[in-house]
Visitor: 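Have a look at this one.
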Amino acid sequence: MRLRQALPGLRPAERRIAELTLASPATAAEMTITTLAERCATSPASVIRLCRTLDYPGYPAFRIALARAAADEQGRRLSFGVEDADIEPDDGARDVARKLAYHETRAIEETANALDVVELDRVVDAVVQAPVIDIYGSGSSTLAGQDLMQKLRRIGYQANCWIDSHLGITSAAVLRPGSVAIGFSHSGRTSETLAALRTASAAGAHTVAVTNFPDAPLAKAADSVLTTTSRETRFRSGAMASRMAQLTVVDILFLRVAQRAPEAVTVSLTATYDAITSRHERASEAG
């Protein structure tokens, strides 16, 4: 997980080491530092720099962690009945279903385990007190943003998810201090989302980045960062792989907000449910 999240910010030599390690973690864990460096056409010093970038004191600690992670992943694959987690062109429907279930489950588990709960509750504090919550995202990230919007609106919060980037930036520009602005971007580099979040920050809003890469520009521009963890494969682009991880963050955030005032939330949820139900009943009677 650390290797995948660190990839965008690595130097070329360190990136080669990371990519080889991610391609075959069990094999890489068996290599000496010299062998790994030679395979990546670099030096042992580059390997050490990568280890320190990932917060390991040296290669031995990194190697042990890598071996443990590889063994854990192999065990999980066996529990899902898949030998190779990547989806291939000739896989049957059962294989595709099992591999997809494996990846989706891993995304949920890893996101939940890696989530900074102190930062999460800091965001919750800001949301609970905010007069308005602006939400930005492009492409598939808009889906997570819209889900958060409808959840917050159902319990009485003034939340808006802006699909049009110009409307989003316009709204961000007139936010008041105390407002919250949340940007969803798997890569953390989506220009429209980044522009909206920076504009919201300049207006005095508390800004939040939901991204897979904690060192990405969006994360650096935000007051708070909620990190997702998802993996791309041959047929699962970042857009597809990020969806379950982002929705996991949305659900956790919503539930923590709801826990602050459970009785009021129950009243709001009942009121919104009754409003829709009564409308359907009237339409049925009219028909």
Side-chain angles (χ1 to χ4, degrees), residues 1-2 4-5 76 100-130 132-161 179-188 190 193 197 200 205-216 218-219 221-231 236 238-269 272-273:
M1 181 185 68
R2 293 187 192 180
R4 287 194 303 274
Q5 292 182 333
R76 289 178 178 273
L100 186 62
Y102 166 78
H103 283 294
E104 302 289 347
T105 301
R106 288 293 278 167
I108 294 171
E109 289 181 351
E110 291 185 346
T111 296
N113 290 336
L115 194 63
D116 185 334
V117 294
V118 174
E119 193 78 338
L120 170 70
D121 280 345
R122 184 183 175 211
V123 174
V124 171
D125 289 339
V127 168
V128 168
Q129 300 173 29
V132 63
I133 300 105
D134 256 11
I135 304 168
Y136 320 112
S138 297
S140 66
S141 290
T142 304
L143 300 176
Q146 288 178 313
D147 189 52
L148 178 59
M149 178 190 71
Q150 73 90 16
K151 280 180 166 64
L152 291 176
R153 276 189 170 275
R154 282 203 64 188
I155 58 175
Y157 286 88
Q158 183 61 43
N160 305 294
C161 180
S179 300
V180 172
I182 305 175
F184 286 84
S185 172
H186 172 73
S187 68
T190 307
T193 304
L197 208 67
H206 182 95
T207 54
V208 183
V210 181
T211 178
N212 207 70
F213 301 99
D215 292 327
L218 189 72
D223 298 312
S224 299
V225 181
L226 301 179
T227 306
T228 58
T229 304
S230 59
R231 313 179 185 198
R236 297 178 77 242
M240 182 178 180
S242 66
R243 186 180 63 245
M244 290 305 299
Q246 289 179 343
L247 290 175
T248 298
V249 171
V250 165
D251 285 349
I252 295 172
L253 176 60
F254 168 74
L255 289 172
R256 289 297 286 162
V257 170
Q259 283 180 316
R260 298 298 178 90
E263 294 182 1
V265 166
T266 299
V267 171
S268 295
L269 289 175
T272 53
Y273 174 80

Visitor: Could you list the residues that satisfy ring-ring contact (aromatic ring centres under 6.0 Å, His included) with Y102, not counting sequence neighbours?
Guide: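 With sequence neighbours excluded, Y102 shows a ring-ring contact (aromatic ring centres under 6.0 Å, His included) to F80, given in chain and number order.
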Visitor: To the nearest 0.5 Å, what is the distance between OG1 (T248) and CD (E104)?
Guide: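 With rounding to 0.5 Å, OG1 (T248) is 9.0 Å from CD (E104).
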Visitor: Indicate whether the side chain of R154 and that of T272 have a donor and an acceptor atom separated by less than 3.5 Å.
Guide: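 R154 vs T272: donor-acceptor pair found between side chains.
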Visitor: Please identify each residue that fulfils side-chain hydrogen bond (donor to acceptor under 3.5 Å, both in side chains) with S141, with sequence neighbours left out.
Guide: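 If we apply the side-chain hydrogen bond (donor to acceptor under 3.5 Å, both in side chains) test to S141, skipping adjacent residues, the hits are Q246.
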Visitor: Verify the neighbour count for atom CD of E263: are there more than 12 heavy atoms of other residues, nucleotides or ligands below 6.0 Å?
Guide: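 At most 12 heavy atoms, drawn from other residues, nucleotides or ligands, come within 6.0 Å of this atom.
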Visitor: Who pairs with R256 by salt bridge (charged side-chain N to carboxylate O under 4.0 Å, His left out), at least two apart in sequence or on another chain?
Guide: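 With neighbours one apart ignored, the set is D121.
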Visitor: List in chain and number order the residues that pass side-chain hydrogen bond (donor to acceptor under 3.5 Å, both in side chains) with S179, two or more places apart in sequence or in another chain; answer none if no residue qualifies.
Guide: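 Residues passing side-chain hydrogen bond (donor to acceptor under 3.5 Å, both in side chains) with S179: none at all.
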Visitor: Please say which of T142, L148, L143, L226 ends up in a side-chain contact (heavy atoms from CB on, under 4.5 Å) with F184.
Guide: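 Per the side-chain contact (heavy atoms from CB on, under 4.5 Å) rule, the option paired with F184 is L148, out of T142, L148, L143, L226.
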Visitor: Check G183 against L218 and note the closest heavy-atom contact, atom names and distance.
Guide: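 For G183 versus L218, the nearest heavy atoms are O-CD2, 3.7 Å.
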Visitor: Can you name the side chain to side chain contact (heavy atoms under 4.5 Å, CB included) partners of V128, sequence neighbours left out?
Guide: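 In terms of side chain to side chain contact (heavy atoms under 4.5 Å, CB included), with neighbours along the sequence ignored, V128 is linked to V124, Y157, V257, R260.
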Visitor: My understanding is that only residues two or more places apart in sequence, or in another chain, count here; which of them pass side chain to side chain contact (heavy atoms under 4.5 Å, CB included) with L255?
Guide: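 For L255, no residue satisfies side chain to side chain contact (heavy atoms under 4.5 Å, CB included) once neighbours in sequence are set aside.
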Visitor: Measure across S242 and S140 and return the closest heavy-atom pair with its distance rounded to 0.1 Å.
Guide: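 Minimum heavy-atom separation between S242 and S140: OG-OG, 4.1 Å.
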Visitor: CG/L197 to CG/D134 distance, rounded to the nearest 0.5 angstrom?
Guide: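 These two atoms lie 10.0 Å from each other.
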Visitor: Would the distance check show the side chain of N212 and the main-chain N or O of S230 forming a donor-acceptor pair, the cut-off being under 3.5 Å?
Guide: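 Checked: pair present.
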Visitor: Side chain of T193, backbone of Y136: donor and acceptor closer than 3.5 Å?
Guide: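 Flag not set: sc T193 to bb Y136 has no pair under 3.5 Å.
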Visitor: Just to verify, what does T266 make a side-chain hydrogen bond (donor to acceptor under 3.5 Å, both in side chains) with, not counting sequence neighbours?
Guide: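 T266 satisfies side-chain hydrogen bond (donor to acceptor under 3.5 Å, both in side chains) with no other residue.
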Visitor: What's the shortest heavy-atom distance between A209 and A219, and which atoms?
Guide: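 Smallest interatomic distance, heavy atoms only, reads CB-CA, 3.9 Å.
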Visitor: CG of L120 to CG of D125: how many Å apart, nearest 0.5 Å?
Guide: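 Rounded to the nearest 0.5 Å, the CG-CG separation comes to 9.5 Å.
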Visitor: What residues, two or more places apart in sequence or in another chain, satisfy salt bridge (charged side-chain N to carboxylate O under 4.0 Å, His left out) together with D215?
Guide: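 Once residues adjacent in sequence are excluded, D215 has no partner under the salt bridge (charged side-chain N to carboxylate O under 4.0 Å, His left out) criterion.
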Visitor: Name all residues meeting the salt bridge (charged side-chain N to carboxylate O under 4.0 Å, His left out) criterion together with R153; count only those two or more places apart in sequence or in a different chain, and write none if there are none.
Guide: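 Result, salt bridge (charged side-chain N to carboxylate O under 4.0 Å, His left out) vs R153: none returned.
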Visitor: List the atom of T229, the atom of A114, and the distance in Å for their closest heavy-atom pair.
Guide: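 Looking at all heavy atoms of both residues, the closest pair is OG1-CB, 4.2 Å.
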Visitor: Among residues at least two apart in sequence or on other chains, which ones pass side-chain hydrogen bond (donor to acceptor under 3.5 Å, both in side chains) with Q146?
Guide: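 Per chain and number, Q146 pairs via side-chain hydrogen bond (donor to acceptor under 3.5 Å, both in side chains) with no residue.
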Visitor: Side chain of D223, backbone of T207: donor and acceptor closer than 3.5 Å?
Guide: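 Pair found, side chain donor or acceptor close to backbone of T207.
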Visitor: Just to verify, what does S224 make a side chain to side chain contact (heavy atoms under 4.5 Å, CB included) with, not counting sequence neighbours?
Guide: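 Only E119, R122, V123, H206, V208 meet the side chain to side chain contact (heavy atoms under 4.5 Å, CB included) criterion with S224.
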Visitor: Using the salt bridge (charged side-chain N to carboxylate O under 4.0 Å, His left out) criterion, which residues pair with D251? Sequence neighbours excluded.
Guide: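 Listed in chain order: K151.
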Visitor: Is there a side-chain contact between I155 and F254, using heavy atoms and a 4.5 Å cut-off?
Guide: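 In short, these two side chains touch, coming nearer than 4.5 Å.
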Visitor: Locate the shortest heavy-atom distance separating A107 from T111; write the atom from each residue and the value.
Guide: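 Scanning both residues completely, I find the closest heavy atoms to be O-OG1, 2.7 Å.
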Visitor: Would you indicate whether the side-chain heavy atoms of V210 and T228 approach each other to under 4.5 Å?
Guide: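 Yes, close enough: below the 4.5 Å cut-off.
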